[in-house]
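The residues of the chain are indexed from 1 along the displayed sequence. Side-chain atoms are counted along with the backbone in the values below, which use heavy atoms only and exclude waters and symmetry mates. This one's a predicted model, so the numbers in the text were calculated from it and none came from an experiment.
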Amino acid sequence: MNFIKRIAQNSQIVEFLFIIFVVFTFDAIFIIRYGFGVTFGHWLIAFFNVAIVISTLSFIKKNKYRYLAYFIYILVMFTFFLTDSTLYFFKQDVTSIAMLLESGKNTMRIGLKYNPLSPYGVILWGIILLFLVFSFKFLKEIVKLHPENNPKRFVFRTIYLIISMLGLFFSPRFINETDALVFDTPADKSLFVQKFGSITYHAKDIVTYAGNAIKPLFYADEYIEELDQIVTETIANQSSLFGVLEGQNVIMIMCETCEDFAFSREHTPNYYRLYDEGIHFNNFYSAAKSNYTYDAEFKSLTSMMYFQADNFMYSFGDNTYHNALPYVLGDFGYTANSFHNYYQNFFNRDMIHPNMGFERYYAFEDLEIEENENWPLDSIMFEKFKDLIAPVQEEPFFSFVMTVTPHGPHNKYREELQEYYEELENDPKYADAPLELLTITAAQMNFDEGLGTLLSDLESKNLLEDTLIIIYSDHKNYSSFPITYEYSNPETRDIPYEMEKVPMIIYSQKLGSSENNTLTSHYDITPTVMDLLGITYYQDYYYGQSIFLDQKEDRPIILSFSSWISHENVVMFDQVLSGNDNEEDYLAKKSWVYQMIERYEKMFQSNYFVDRITYLPKLVD
């Protein structure tokens, strides 16, 4: 100990190495917990990422203030460790700087939205917190030992900083060729932390976020020119059902967290009415980025994609999206409105929905009900908004409805769902059911009550026979994964991505009832609606295709830079799980996936659709 004290009195190397040890401990626990395979080269990059921060902070002369800076840095890294561990446990996702900035905008509450005890348990968390407290106390003693008037202070700190900068510059040379592409793509968050750990991810994420923020300022015109060279106005293929529903009303319902296992004929009869009388899809996958509602919403309304860490509904909420379904339908004589039973500014919908072509966005503020700690029930929203969702008018209408009641977590008894709990108590099938199952089932029963209100209203207004209804879920029930796994199909739940399937129904009396096994996702919703309504559109502006094409192109359902689902192969985090695993074919397909993602992200960054028509305009008689 005396030896360490002597070194600490003459050099800052002890405090330098101790802080690296503390931060690396957090990263090591995270990596070991989830079984990531991080190599020595990757640890080396992480070392210099931490070193450059500490070297910079070491220029603070006063020990008191330098310790405070170290304290804040360690606390920030611990916060990342906490939220990363929690988010990865529930969603295979990690925190980003964009999430932190958006957390103050009435949006997601980062990892602490979920139970942070889940990844490690109470005992291990207790040990980790004791280690953190000890580290702060020990670091304080080390910092106090260093004389503030050391004449060589500036020279040594400059040397540390130069070495750190050179190390950070040269250390990526140790990355093998396979991982180099991942290193340059921190937006592929899950794979990045698997390869490089949390420390390097957060350093890259901050740099990438700053770079993405300035791209629209400096490169928008360049991106437009580039896109004009590769985007063609090629007419999309049309199915045998093209134009069959021309002029029909459209109601699109995105059901929050809805699961097949929580629907039943006994307790959700209205859902099953549409299931039996409409077309139900057995292979509809959630394409939502890391299971985020806003991404499912955006994909289903635009057939676009992005995989940067930030929520583009904020980052590019000022853009104009003439390619979006409400704008397109508006040009074909439709009125277009959106509905939700949460606050207007949640996910920036009050700004972006008008820019997508919605005439009005109705939300909690329009329900005229008393605010309380619970989300307003879906049944109340359908009842209060029914004349707005299904107006009696000469023009056809498009209504986009987003529900909220089935949202997790489901591990607490919800008083507002009491009547549904009581109904389930009288059903022997739920006699020993866990609370999580009872809650999500009760919540979907309330949604079903609202759906019944809508159907009865359409029938009373003689609108049902002229209305296309589309129901789909935004994402899986990630907040109660053990329940989702237990009650999913036991024959398929262990097959990769099979649990990513979510409910999807298309109902129209003209289409009849059937079962459809087409491989499809949120990307295909807007193209399908346009196909059924007889709207001719240009394929390159939309990633998806009509579900009803006789020969649908095998475009992969892109889930990230390194994960997709297609008939040719199924890929998860750069591993071909099934299908064609020829290395040359795989690399060619991966390159194509990167190009597609880059194309659509440049469309965002250049506000590409502000003055473009993405379809053939309606002919005026």
Side-chain angles (χ1 to χ4, degrees), residues 212 215-238 242-243 250 252 287 294-295 297-308 311-336 338 348-349 351-359 361 398 400 522-546 553 555 558 592 595-620:
N212 287 340
K215 281 180 180 179
L217 302 176
F218 296 99
Y219 299 107
D221 292 339
E222 180 182 323
Y223 289 165
I224 289 173
E225 291 179 10
E226 181 182 330
L227 289 166
D228 285 344
Q229 295 296 316
I230 59 176
V231 174
T232 65
E233 293 192 342
T234 302
I235 299 298
N237 293 330
Q238 298 171 351
F242 179 80
V250 179
M252 202 154 87
Y294 62 79
D295 195 52
E297 177 180 335
F298 206 92
K299 283 184 169 76
S300 61
L301 289 170
T302 66
S303 194
M304 296 176 69
M305 72 181 78
Y306 66 92
F307 290 97
Q308 297 301 319
N311 177 349
F312 274 25
M313 289 175 68
Y314 282 104
S315 304
F316 298 100
D318 290 330
N319 283 11
T320 299
Y321 298 93
H322 281 131
N323 60 318
L325 186 59
Y327 251 127
V328 176
L329 295 186
D331 281 355
F332 279 77
Y334 282 72
T335 58
S338 55
N348 205 36
R349 289 185 176 115
M351 175 175 287
I352 196 168
H353 275 214
N355 292 335
M356 298 172 79
F358 288 113
E359 298 169 30
Y361 168 45
F398 170 48
F400 178 54
H522 297 114
Y523 291 115
D524 295 329
I525 292 177
T526 283
T528 299
V529 172
M530 290 194 289
D531 183 52
L532 292 172
L533 298 181
I535 299 173
T536 302
Y537 64 93
Y538 304 122
Q539 181 62 69
D540 280 0
Y541 293 127
Y542 301 91
Y543 180 71
Q545 309 161 81
S546 173
E553 181 186 344
R555 289 193 167 201
I558 299 175
W592 185 88
Q595 290 170 18
M596 282 292 111
I597 296 173
E598 185 179 59
R599 173 190 296 185
Y600 286 99
E601 289 186 351
K602 286 180 177 178
M603 287 177 174
F604 282 102
Q605 292 161 348
S606 63
N607 197 8
Y608 192 66
F609 294 107
V610 66
D611 56 2
R612 276 172 174 74
I613 302 299
T614 61
Y615 51 89
L616 290 181
K618 182 178 181 180
L619 296 176
V620 179

Has Arg612 got its NZ or CZ under 6.0 Å from the middle of the six-membered ring of Tyr541, at an angle within 45 degrees of the ring axis? no

ring-ring contact (aromatic ring centres under 6.0 Å, His included) between Tyr523 and Tyr543, worked out: CA-CA 6 Å; Tyr523 291 115; Tyr543 180 71; 5.0 Å; yes

Assess, by modelled atom type and distance only, whether the side chains of Tyr608 and Asp228 contain a donor and an acceptor separated by less than 3.5 Å. yes

Student check: side-chain heavy atoms of Ile558 and Ile597 closer than 4.5 Å: yes

Which residues pass the salt bridge (Lys or Arg N to Asp or Glu O under 4.0 Å) test with Arg599, not counting sequence neighbours? none

Count the heavy atoms of every other residue, nucleotide or ligand shown that sit under 6.0 Å from CG of Asp611, and state whether that count exceeds 12. yes

Any idea how Tyr219 and Tyr223 line up, ring-wise: parallel (<30°), tilted (30 to 60°), or perpendicular (>60°)? parallel

Indicate the atoms forming the closest heavy-atom contact of Met356 with Thr302, along with that distance. CE-CG2, 3.7 Å

For the residue pair His353 and Tyr361, categorise the inter-ring angle as parallel (less than 30°), tilted (30 to 60°) or perpendicular (more than 60°). tilted

Regarding Asp531 and Ser546, do their side chains bring together a donor and an acceptor under 3.5 Å, going by distance alone? yes

So do the side chains of Tyr327 and Thr320 get within less than 4.5 Å of each other, counting heavy atoms only? yes

Taking the side chain as every heavy atom from C-beta outward, state whether Gln539 and Gln545 have any pair of such atoms under 4.5 Å apart. yes

Residues in side chain to side chain donor-acceptor pair (under 3.5 Å) contact with Tyr600, at least two apart in sequence or another chain: none

Stacked cation flag Lys299 on Phe307, 6.0 angstrom / 45 deg: yes

Is the ring centre of Tyr542 less than 6.0 Å from the ring centre of Tyr537? yes

Within 6.0 angstrom of Glu553 CD, more than 12 heavy atoms from elsewhere: yes

Verdict with supporting geometry, Phe400 and Leu301, side chain to side chain contact (heavy atoms under 4.5 Å, CB included): CA-CA 9 Å; Phe400 178 54; Leu301 289 170; 3.7 Å; yes

Donor-acceptor pair, Asn212 side chain versus Gln308 backbone, under 3.5 Å? no

Would a line drawn from the ring center of Phe332 to the ring center of Tyr615 be shorter than 6.0 Å? yes

Over 60° means perpendicular and under 30° means parallel, so classify the ring planes of Phe604 and Tyr306, tilted if in between. perpendicular

Do Thr614 and His322 make a side-chain contact, defined as non-hydrogen atoms from C-beta onward lying under 4.5 Å apart? no

